[in-house]
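One-based numbering along the sequence shown.
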Amino acid sequence: MSTPDPANPTEEEHREKMAEVKAEMKSRTAAAQDRRGILIVNTGNGKGKSTAGFGTVARTLAYGRKAVVIQFIKATPDKAEKVLRGENLVWHAVGGGFTWDTQDRAGDIALCEKGWALAEAAFADPSVSLLMLDELNVVLSMHYLETDRVVKALQARRPELHVVVTGRDAPAELKEAADLVSEVQEIKHPFNAGIMAQSGIEF
Ligand code: ATP
Ligand code: MG
């Protein structure tokens, strides 16, 4: 018998392999039966953390559910808001701009507190299905809000509420508390090749 070539299997070899995968998938889906709100953390130094969060917001809205987005740091709402907007979406941009532009720690902290009060309102509103806290990891790593306080509030939230937290440098305590942690690793970024941030891609 010839050794199977993974790039060019016979129909029989393919069928056998797929039957194995199917059995494995069946036992895994049978074991995953819980349904509850999850805490998602998108972190890492590569691009795509907020983009993925906005994609999750779009999915929630597609099911007619309500989403709240709170953009920390950023002073203007991401352009995604323009297409996602509707009665099921509430969007707040509560930043003063990049921290290296504002150079105003006390002012930045006050805006973070304002954003956190809006997050607490979403925790308390049972009609909200998904809460996205964009760049909250940056807020925590800059110590603008205390991580312990934020993690405790996230852990005490309504059990059905899904939360997405984005931004570089997610603190270990938050990753520990999360159900889903994705780290986007930079392999290449056009900025390093002298390509500017472009509309529709970066903003
Ligand atoms: P995006 O909002 O595009 O999904 P992100 O949320 O993963 O990006 P942020 O840390 O919020 O990343 O960065 C915001 C901006 O900085 C984006 O315009 C992004 O393209 C850019 N950026 C992200 N990673 C890098 C990098 N490694 N080098 C330079 N610029 C970057
Ligand atoms: Mg981002």
**Student:** When hydrophobic residues are tied together by side-chain contacts of less than 4.5 Å, even through go-betweens, does Val181 share a cluster with Val150?
**Tutor:** yes
**Student:** Does any non-hydrogen side-chain atom of Leu145 lie less than 4.5 Å from one of Leu140?
**Tutor:** yes
**Student:** Do the side chains of Lys17 and Glu20 get close enough for a salt bridge, i.e. N-O under 4.0 angstrom?
**Tutor:** yes
**Student:** Does a side chain donor of either Thr166 or Asp134 reach within less than 3.5 Å of an acceptor in the other side chain?
**Tutor:** yes
**Student:** Restricting to non-hydrogen atoms, name the atom on Thr102 and the atom on Thr99 that form the minimum distance, rounded to 0.1 Å.
**Tutor:** OG1-O, 3.4 Å
**Student:** Flag yes if Leu131 and Leu89 sit in one hydrophobic cluster, no otherwise; membership is Ile, Leu, Val, Met, Phe, Trp, Tyr, and two members link when side-chain heavy atoms are under 4.5 Å apart.
**Tutor:** no
**Student:** Between Asn88 (side chain only) and Leu61 (backbone N and O only), is there a donor and an acceptor less than 3.5 Å apart?
**Tutor:** no
**Student:** From Asn8 CG over to His14 NE2, what is the distance, rounded to the nearest 0.5 angstrom?
**Tutor:** 12.0 Å
**Student:** Could you give the distance from CD1 (Ile38) to CG (Leu161), rounded to the nearest 0.5 Å?
**Tutor:** 11.0 Å
**Student:** When hydrophobic residues are tied together by side-chain contacts of less than 4.5 Å, even through go-betweens, does Val90 share a cluster with Leu133?
**Tutor:** yes
**Student:** If I compare all heavy atoms of Ala177 with all of Gln155, which pair ends up nearest, and what's the gap?
**Tutor:** CB-NE2, 3.6 Å
**Student:** Any heavy-atom pair between the side chains of Asp148 and Glu173 that's under 4.5 Å?
**Tutor:** yes
**Student:** I need the Glu202 CD to His189 NE2 distance, nearest 0.5 Å.
**Tutor:** 5.0 Å
**Student:** At what distance, to the nearest 0.5 angstrom, does CG of Leu136 lie from CG of Leu174?
**Tutor:** 7.0 Å
**Student:** Would you give the length of the straight line joining atom CZ of Arg168 to atom OG1 of Thr43, rounded to the nearest 0.5 angstrom?
**Tutor:** 9.0 Å
**Student:** In terms of hydrophobic clustering (I, L, V, M, F, W, Y; side-chain heavy atoms under 4.5 Å; direct or indirect links), are Ile70 and Met132 co-clustered?
**Tutor:** no
**Student:** Hey, does Lys74 have a side-chain heavy atom less than 4.5 Å from the side chain of Phe98?
**Tutor:** yes
**Student:** How would you list, by chain and number, every residue that makes a side chain to side chain contact (heavy atoms under 4.5 Å, CB included) with Ser199, sequence neighbours excluded?
**Tutor:** Phe203
**Student:** Does atom CZ (Arg158) have a neighbourhood of more than 12 heavy atoms from anything else shown, all under 6.0 Å?
**Tutor:** yes
**Student:** Would you say CD of Glu176 has more than 12 non-hydrogen atoms from neighbouring residues, nucleotides or ligands within 6.0 angstrom?
**Tutor:** no
**Student:** Would you say that Val163 contacts Leu39 through its side chain, given a criterion of any heavy-atom pair below 4.5 Å between the two side chains?
**Tutor:** yes
**Student:** Output the distance between atom OH (Tyr144) and atom CZ (Arg105), rounded to the nearest 0.5 Å.
**Tutor:** 6.0 Å
**Student:** Any idea which heavy atoms bring Phe72 and Val139 closest together, and the distance?
**Tutor:** CB-CG2, 3.6 Å
**Student:** Please find the pair of heavy atoms, one from Ser50 and one from Glu135, that lie closest to each other, and give the distance.
**Tutor:** OG-OE2, 3.4 Å
**Student:** Do Leu154 and Val41 sit in the same hydrophobic cluster, where Ile, Leu, Val, Met, Phe, Trp and Tyr count as joined when their side-chain heavy atoms come under 4.5 Å apart?
**Tutor:** yes
**Student:** Please examine the side chains of Asn42 and Val184, heavy atoms only from C-beta on, and report whether any two atoms are closer than 4.5 Å.
**Tutor:** no
**Student:** Does any part of the side chain of Asn137, heavy atoms only, come nearer than 4.5 Å to the side chain of Lys49, both counted from C-beta?
**Tutor:** no
**Student:** To check you understand the geometry: which heavy-atom pair defines the closest contact between Ala75 and Gly97, and what is its length?
**Tutor:** CB-N, 4.0 Å
**Student:** Hey, are the side chains of His92 and Lys114 touching, using non-hydrogen atoms and a 4.5 Å cut-off?
**Tutor:** no
**Student:** Return the minimal non-hydrogen interatomic distance between Val57 and Ala67, and the atom names on each side.
**Tutor:** CG1-CB, 4.0 Å
**Student:** Is there a side-chain contact between Arg36 and Asp179 (heavy atoms, below 4.5 Å)?
**Tutor:** yes
**Student:** Quick one: side chains of residues 76-84, donor-acceptor pairs under 3.5 Å with protein atoms, not counting sequence neighbours, listed by atom name and distance.
**Tutor:**
{"from": "Asp78", "atom 1": "OD1", "to": "Ala80", "atom 2": "N", "distance (Å)": "2.9"}
{"from": "Glu81", "atom 1": "OE1", "to": "Arg85", "atom 2": "NH2", "distance (Å)": "3.2"}

**Student:** What pairs of donor and acceptor atoms, side-chain ones from residues 118-130 against any protein atom, are under 3.5 angstrom apart with sequence neighbours left out?
**Tutor:**
{"from": "Glu120", "atom 1": "OE2", "to": "Trp116", "atom 2": "NE1", "distance (Å)": "3.3"}
{"from": "Asp125", "atom 1": "OD1", "to": "Ser127", "atom 2": "N", "distance (Å)": "2.9"}
{"from": "Asp125", "atom 1": "OD1", "to": "Ser127", "atom 2": "OG", "distance (Å)": "2.7"}
{"from": "Asp125", "atom 1": "OD2", "to": "Ser127", "atom 2": "OG", "distance (Å)": "3.3"}
{"from": "Ser127", "atom 1": "OG", "to": "Lys66", "atom 2": "NZ", "distance (Å)": "3.4"}

